[in-house]
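Comments concern the structure below.
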Amino acid sequence: MSKKIIPTALLATFTLCSHAVTTMDTIVVTANRTAVPISDVLAPISIITSDDIERLQLSNMSDILTRMTGVQSYGSGGLGSTTSLFIRGGNTEHSLVLLDGIRISSASNGGSALQLIDTSSIDRIELVRGPRTSLYGADAVSAVLNITTKKAVNNSAAIRTSIGGYGEQKSSLRLETIQNNTQAYVQISHETLGGFDRSENDSFSNKDKDEFRNSHLQANLSQRWNDSNNSQFSYQTSHGKSDFDQVCNEYDASFNPTEVACSPYSETIQEVLSAKNLFFINNELNIAANFSRSIDDSEILGSTTDATFKTTRHSYSLTADAQVSSILKTVSGVESYSEELNSSNNYQESKRQNNAAFSQWMLDTDVIEIQLGVRYDDNESYGSNVTRSVVVGRNLSSNWLAIASWGEAFRAPTFNDLYWPTSGNPNLDPESSESYDITLKFHNENSHFYATVFHNSVDNLIAWAPNSSGAWQPSNINNAKMEGVELELAYIADSFSLQTNYTWMEPKDTNTGKQLQNRSKQLMNINADYTLSALSFGLTVSAQDKSFANSNNSTELAGFAILDLRSTYRNSQNLKFDFAITNILDKEYQRRNGFNEAGIAAKAGASYTF
C-alpha cells in the first residue's frame, strides 16, 4: 500500500485535473472522506467519469447508475420520472446520495431527485458499496453515492446539442476559465422529452404522452489565496416538470369513489449552495470548513390530491486530516445539519436537528493496513446512535490486495414515517444494520478486478401496515438480509476497452422468507468500445433477472436484456459527432410493475469546443 500523503487541501487541485480513465493513481475521496489512490482504498468502489458518460452516450441518471456494480435503478416509466435506487438489495433510503459531498434527499420520503441532475455536468460518480455510517451518519447502510460536478480545467467554451426518439432534445453551453489562482466554471442546459405513455393504465386521460422538461444551471468558483488557503463556492439548480399517470377519484358523502379525468404532473426544484475553505496547515495537518444549503421543492399538480413538499437542509462541518506518524493517519470531524419540511400536509412536526462527531484511524504498514471508525449522532427526533467499523487490508503483492471489513449502520425515519398527518408514528426507532465484506482486488495501469462477498442484516425495518384500528401506520416490524457476490472487471488499451460487472444476491425478507420487492437476484453489464483513428464504435448489454412487484412474490416481472449500439466521429480536436441506437432489439419490458419503458430509439448529437 502506498505511503504517499495526499493532503485534504489538495482536493481543490485534483478535482481540477483532466478527466481520465481509472488507473492505480486515480484519487478517490468518498471511501475515507480524504484523498486516497484507488489502489489503496479498502472498500469495493466503482467509478464512472465524464469520459465514460460521453463514450456510453448516457443522458439520464437512471441509465448511468444501472451500469454500476450491484445497482438497480428505475423510474416510473422513462426519462424524468422519479428515480428509485436499490444497491446490494437495499431500499432506496438505504443509500446515501451526495451531490458534491452534500446531502440532497427529501426529508419527507427519503428519496433524491436524481432525474433532475444534468449528466453533462458530472465530472465523475463514486459509488462505495457497504456501510459508511461511521463516516457519514444516517442512511449510508448499503452504499454512499457521491456525484461530483465539473470544474474548470482550462480556458475554453463549448456548446452541445442532441436530438433523439420520443421527441428528446437537449442543448447546453459551458464556459470555463483559469486566471492565475482563480478558476471559474458556468454551465447551462435545457432538455425536453415529447414522451410516451408511461403507464399501462389507459383509463380516462391516462392514455397520453407523458412529457418532461428540465432546465439546469451550475456555477462554481475556486480561489487559491496562497499555498495554505483555498476557498471554493458553488451553486447549482434544476427545475423540472414531469407528466405522470394516476387514477384520480372524487368521493361522495358516503366516501364512495368515482374515477374522473385528470392530467397530473409534478414540478420539482433542486438547489444546492455551498462554501468551503481549505487550510493546509503543514505537511501533517489539513483542515476543511464547510457550509451548505440544499433544497428539494416538489409539487404535485393537476390531480385530485395536489400537494407540496419542500425540504430545506442547512449543514455545517469541520474536518481535520492529520498524518500523526509515518504509519498513522486520522480523519476526524464534527458536523451539524438541520432539516425543515414545509408542506401542504399538516405534519405533526416540521423541523429536526442532527449533531455528530466522527473519527477514523488508518494504520498503514508495508503489508497490512487497519482502519477503525466510530461516529456519534444525536438527533432530536429519534435520539442518539453510535456506529463503528473495522477494516483490515493485506497486501498480497504490488497489485493484489485482500480486504475484510465489518460495519454498523442505521437509516433514519423520514418525516412521513414519524409525522404524517393522523398516521405517523413518532415512537419509531431507526433501522439498524450489521454487515461484513470480504474483497479481493487487483489494479495495474490499464486494468482492475474486484471480487466481493457481502452480507448485510437489517433489523427494525420500517413498514406501513394496518394497526389495531385498521388505519395504516408505520412500525418497526420487519427484518431483511441481503447477501451475495459482486464481480467487476475493466481493461483499457490504446484502441479497445472492456468494462463488465456481475452481481448475484439473495435479498430476502427474513420474516416471510420471500424475495424483497423490486429486487433481482442477478445483474450484469457489459460495455465494449473500439477506436479506429477518428471513429469509435461501442455496444452495451444490460441485463437483470426476474423480480417481484409485491411482497408475497405473487406478481412476477420477467427478466430482460437490453442491447445498445453507439458510434462517435471526431472531425477535429474541436468538433465531435455521436450517434446511438438504444434498445436496438425493441425489447418490451418493465422495471416497475405497470410502467412502460422506451422501445427502440435513435439519438444523434454534436459538440464544439472553442
Side-chain angles (χ1 to χ4, degrees), residues 1-11 14 22-47 69 126-136 140 143-144 146 283-286 288 319-333 358-375 387-409 434-445 447-456 486 488 490:
M1 280 163 271
S2 171
K3 293 294 189 66
K4 184 179 179 181
I5 299 172
I6 305 172
T8 302
L10 293 183
L11 300 186
F14 80 76
T22 301
T23 69
M24 288 183 69
D25 295 326
T26 297
I27 303 300
V28 297
V29 181
T30 312
N32 291 33
R33 286 188 82 147
T34 187
V36 178
I38 192 171
S39 56
D40 291 351
V41 172
L42 301 185
I45 182 170
S46 299
I47 297 175
T69 306
E126 296 180 7
L127 172 65
V128 184
R129 297 181 297 281
R132 280 293 179 273
T133 299
S134 63
L135 275 176
Y136 291 97
V144 173
N146 190 14
N283 288 334
E284 287 76 38
L285 178 63
N286 309 278
T319 305
D321 183 347
Q323 191 74 40
V324 180
S325 70
S326 61
I327 63 172
L328 179 61
K329 185 176 183 178
T330 65
V331 179
S332 303
F358 64 89
S359 187
Q360 181 172 253
W361 300 271
M362 294 166 281
L363 181 68
D364 188 357
T365 69
D366 289 333
V367 178
I368 294 177
E369 182 174 355
I370 300 174
Q371 295 180 358
L372 304 175
V374 62
R375 177 174 169 125
T387 49
R388 295 153 292 188
S389 64
V390 179
V391 185
V392 178
R394 175 69 160 83
N395 222 9
L396 303 179
S397 72
S398 59
N399 301 111
W400 287 93
L401 179 64
I403 307 164
S405 65
W406 168 87
E408 299 171 315
E434 184 174 358
S435 69
Y436 59 80
D437 289 5
I438 298 174
T439 298
L440 180 67
K441 76 174 190 177
F442 170 86
H443 263 277
N444 66 17
E445 291 302 322
S447 63
H448 76 255
F449 168 77
Y450 287 88
T452 300
V453 177
F454 65 89
H455 174 97
N456 190 10
E486 297 168 336
E488 181 176 317

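Computed from a predicted structure; not experimentally measured. Values below: every heavy atom of this structure, side chains too, minus hydrogens, waters and symmetry copies.
When all heavy atoms of Asp321 and Lys329 are compared, the closest pair comes out as OD1-CE, 2.8 Å. Of all the heavy atoms in Asp437 and Phe454, the pair that sits closest is OD1-CB, 3.3 Å. Of all heavy-atom pairs between Ala322 and Leu285, the closest is CB-CD1, 4.1 Å. Taking each heavy atom of Ala43 and Val128 in turn, the nearest pair found is CB-CG1, 3.9 Å. Annotation for Pro44 and Thr439: closest pair CG-OG1, 3.7 Å, computed over non-hydrogen atoms. Across all non-hydrogen atoms, the minimal contact from Leu401 to Ser39 is CD2-O, 3.9 Å.
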Apply side-chain contact (heavy atoms from CB on, under 4.5 Å) to the pair Leu135 and Arg375, showing each step before the final yes or no. CA-CA 7 Å; Leu135 275 176; Arg375 177 174 169 125; over 6 Å; no
Worked check of side-chain contact (heavy atoms from CB on, under 4.5 Å) between Gln371 and Asn32: CA-CA 10 Å; Gln371 295 180 358; Asn32 291 33; 3.2 Å; yes
side-chain contact (heavy atoms from CB on, under 4.5 Å), that's the test. Do Ile403 and Thr452 meet it? Break it down for me. CA-CA 9 Å; Ile403 307 164; Thr452 300; over 6 Å; no
Assess whether side-chain contact (heavy atoms from CB on, under 4.5 Å) is satisfied between Arg129 and Ser46, documenting all intermediate values. CA-CA 8 Å; Arg129 297 181 297 281; Ser46 299; 2.7 Å; yes
Evaluate the side-chain hydrogen bond (donor to acceptor under 3.5 Å, both in side chains) criterion for residues Thr133 and Thr387: first the C-alpha distance (whole Å), next the side-chain angles of each, then the deciding distance (0.1 Å), finally the verdict. CA-CA 7 Å; Thr133 299; Thr387 49; 5.5 Å; no
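With no hydrogens or angles considered, no side-chain donor-acceptor pair links Glu486 and Thr69 at under 3.5 Å.
Phe442 has its ring centre less than 6.0 Å from the ring centre of Trp400.
Looking at Lys441, its side chain does come within 3.5 Å of a backbone N or O of Val41 through a donor-acceptor pair. Arg132 places a side-chain N or O within 3.5 Å of a backbone atom of Ala31 that can act as its donor or acceptor partner. No donor-acceptor pair under 3.5 Å is formed between the side chain of Arg33 and the backbone N or O of Val331. The backbone N or O of Asn146 lies less than 3.5 Å from no partner atom in the side chain of Glu126, so there is not a single donor-acceptor pair.
Below 30°, between 30° and 60°, or above 60°: for His443 and Tyr450 the angle between ring planes is above 60°, a perpendicular geometry.
Distance check: Glu369 CD to Leu363 CG gives 8.0 Å after rounding to the nearest 0.5 Å. For the atom pair OG (Ser405) and OH (Tyr436), the distance works out to 11.0 Å, reported to the nearest 0.5 Å. Atom CD of Gln323 sits about 8.5 Å away from atom OG1 of Thr330, to the nearest 0.5 Å.
Put simply, the side chain of Pro37 reaches to within 4.5 Å of the side chain of Ile27, judged on heavy atoms. Using a 4.5 Å cut-off on side-chain heavy atoms (C-beta onward), Trp361 and Val374 make contact. Within the 4.5 Å cutoff, the side chain of Leu396 has heavy atoms near those of the Leu440 side chain.
Of the listed residues (Ile38, Asp40, Thr34), just one forms a side chain to side chain contact (heavy atoms under 4.5 Å, CB included) with Val28, and that residue is Ile38.
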